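Input: a single structure, listed below in structure tokens.
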Amino acid sequence: MSDFFHMGGYAAYIWSVMGVALFFMLLEPFLLVLKRRSILQEIKRNKRLEERRARDKGKT
Amino acid sequence: MKINWFKYAAPMNFYSLAGKMIPFFWIAAVVFTAIGLYIGFFKTPDAIDNGMKQYYRIIFVHVAASWMAMWLYGVMVFWALIGVIFNTRISYMLASATSITGTLMTIIALISGAIWGKTSWGTWWDWDPKLTTFLILLFVYIGYIALQSAIEDTRRSDKASALLALVGLAIVPVIYYAVNCPDPNQCASLHQESSLKRIEPNILTAMLVTTLGFWMYSFATILMRTKNIILQRERKTNWVANLPEVIAGGKK
């Protein structure tokens, strides 16, 4: 097993390439999910504001 | 079965279709990439004929990312072109969503290429035609993204960046010929010639399957981003206000 990770002395190069790819390919979907949450939150906030405004208008 | 394609040009319909497709693309991405890398690491020889040692395993990621970087540029231009011709908003959104994943793939290709260069040629970077043209591809992607975010009006920014994408298409054949140079003596290229035909079958399989995994990954993230763009651009419409994810948890 350690032979496998050693990669004939090229471990640093091979595993850093795999690491870079993994890092970016996890980062991208993670940021996309964060972005989606913030957009949805903003939409909800605006919706609530509008509903409140409509209700206040009804009172007066 | 007849599918009405124009139905899905409406952002509302596309949004729900994309939502259904994303999980399948994620599963396919993980499965194909895992199989590809498994073959690449366990079913291939430790050294290949032309003197390359284990470090050649970098290519599984490097080639997949480089191919994706170029193909996604084609995908982006395709959607930009459809947008210009049919004036469908969803095509522009897809083009814009593709540009970010394309940029990411270009960055992975450049970094893995630099590490490859260090082991194979003894240098991180060289102004070799292939490397230089790939760097230009990165700048074209960045230019597209920058132009899109620089113009406030979405209609105008969509059109302007679509034109930039079309002009930038000129770099793709240059990259292709930089690595598949007809006469190596005239190209003075450090980068290995692309040699799909002479390659070991298992190495080729590993490369192709990993690339398929990267394709699925790209579809998944592009669709996720397109959904985000749709939400952002359509946030004032009724259908967005009535989406379950907007109604759910909408406490007072």
Side-chain angles (χ1 to χ4, degrees), chain A, chain B residues 22 26 29 33 37 41-42 46-47 53-62 64-65 97 100-101 104-105 107-109 111-116 118-120 210 213-214 217-218 220-225 227-232 234-236 240-243 245-252:
Chain A
M1 202 60 190
S2 71
D3 252 12
F4 172 73
F5 286 109
H6 190 242
M7 281 288 144
Y10 295 100
Y13 297 107
I14 296 176
W15 298 122
S16 57
V17 166
M18 298 295 151
V20 165
L22 191 70
F23 170 76
F24 279 112
M25 290 168 91
L26 289 177
L27 181 73
E28 192 190 11
F30 176 71
L31 291 179
L32 283 170
V33 170
L34 283 190
K35 179 88 182 170
R36 176 177 164 82
R37 282 202 189 150
S38 80
I39 297 171
L40 281 176
Q41 248 164 20
E42 204 205 311
I43 293 175
K44 280 183 200 167
R45 200 185 310 126
N46 284 341
K47 198 182 169 188
R48 256 174 279 148
L49 268 174
E50 239 158 70
E51 280 168 358
R52 198 171 304 157
R53 218 171 283 152
R55 236 183 300 132
D56 291 349
K57 226 180 219 172
K59 273 180 197 163
T60 48
Chain B
I22 289 167
W26 272 121
T33 309
L37 291 180
F41 277 97
F42 295 102
D46 280 347
K53 300 210 178 83
Q54 298 225 17
Y55 64 79
Y56 80 84
R57 292 203 163 107
I58 290 173
I59 58 169
F60 301 125
V61 164
H62 176 64
I100 312 273
T101 305
L104 183 97
M105 287 297 167
I107 291 171
I108 295 177
I111 295 177
S112 61
I115 297 171
W116 168 272
K118 186 66 190 164
T119 54
S120 185
T210 311
F214 276 41
Y217 167 89
S218 306
T221 52
I222 288 169
L223 288 179
M224 281 168 83
R225 188 171 297 106
K227 276 180 80 184
N228 282 355
I229 298 174
I230 292 175
L231 277 183
Q232 243 168 349
E234 304 265 297
R235 61 182 179 275
K236 294 199 174 115
V240 168
N242 290 322
L243 278 175
E245 52 264 50
V246 173
I247 294 169
K251 290 165 233 140
K252 293 276 154 74

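Letters A, B, ... are given to chains in the order of the sequence lines, protein chains preceding strands, and every chain is numbered from 1. Just so we're clear, the structure is a prediction, and the values are computed from it rather than from any experiment.
- Contact between B:A220 and B:I22 at its shortest, heavy atoms only, is O-CG1, 4.2 Å.
- With a 4.5 Å cut-off on non-hydrogen atoms, B:I107 touches chain A through its side chain but not through its backbone.
- Contacts between B:T33 and chain A at a heavy-atom distance below 4.5 Å are absent for every atom of the residue.
- Atom CE of residue B:M224 and atom CZ of residue A:R36 lie 8.5 Å apart, to the nearest 0.5 angstrom.
- Heavy-atom pairs under 4.5 Å with chain B were tallied for A:K35, A:E28, A:K47; the largest tally goes to A:E28.
- Interface residue B:A241: backbone and side-chain heavy atoms are both found under 4.5 Å from chain A.
- Residues satisfying the side-chain contact (heavy atoms from CB on, under 4.5 Å) criterion with A:L49, sequence neighbours excluded, are A:N46, A:R53.
- In this structure, the portions of A:L32 lying under 4.5 Å from any heavy atom of chain B include both its backbone and its side chain.
- Every side-chain contact (heavy atoms from CB on, under 4.5 Å) that A:L27 has, sequence neighbours left out, goes to A:F23, A:L31.
- Of the listed residues (B:V61, B:I100, B:I58), the greatest number of heavy-atom pairs within a distance under 4.5 Å of chain A belongs to B:I58.
- At a 4.5 Å heavy-atom cutoff, the contact between B:I111 and chain A is made by side-chain atoms alone.
- A pairwise comparison of heavy atoms in B:A109 and B:S112 identifies O-OG, 3.2 Å as the closest pair.
- A donor-acceptor contact shorter than 3.5 Å is absent between the side chain of A:R37 and the backbone of A:L34.
- Atom CH2 in B:W26 sits 6.0 Å away from atom OG1 in B:T221 (nearest 0.5 Å).
- If you measure heavy-atom distances from B:K236 to chain A, you find no contacts under 4.5 Å at all.
- Looking at B:L104, only its side chain comes within 4.5 Å of chain A, counting heavy atoms on both sides.
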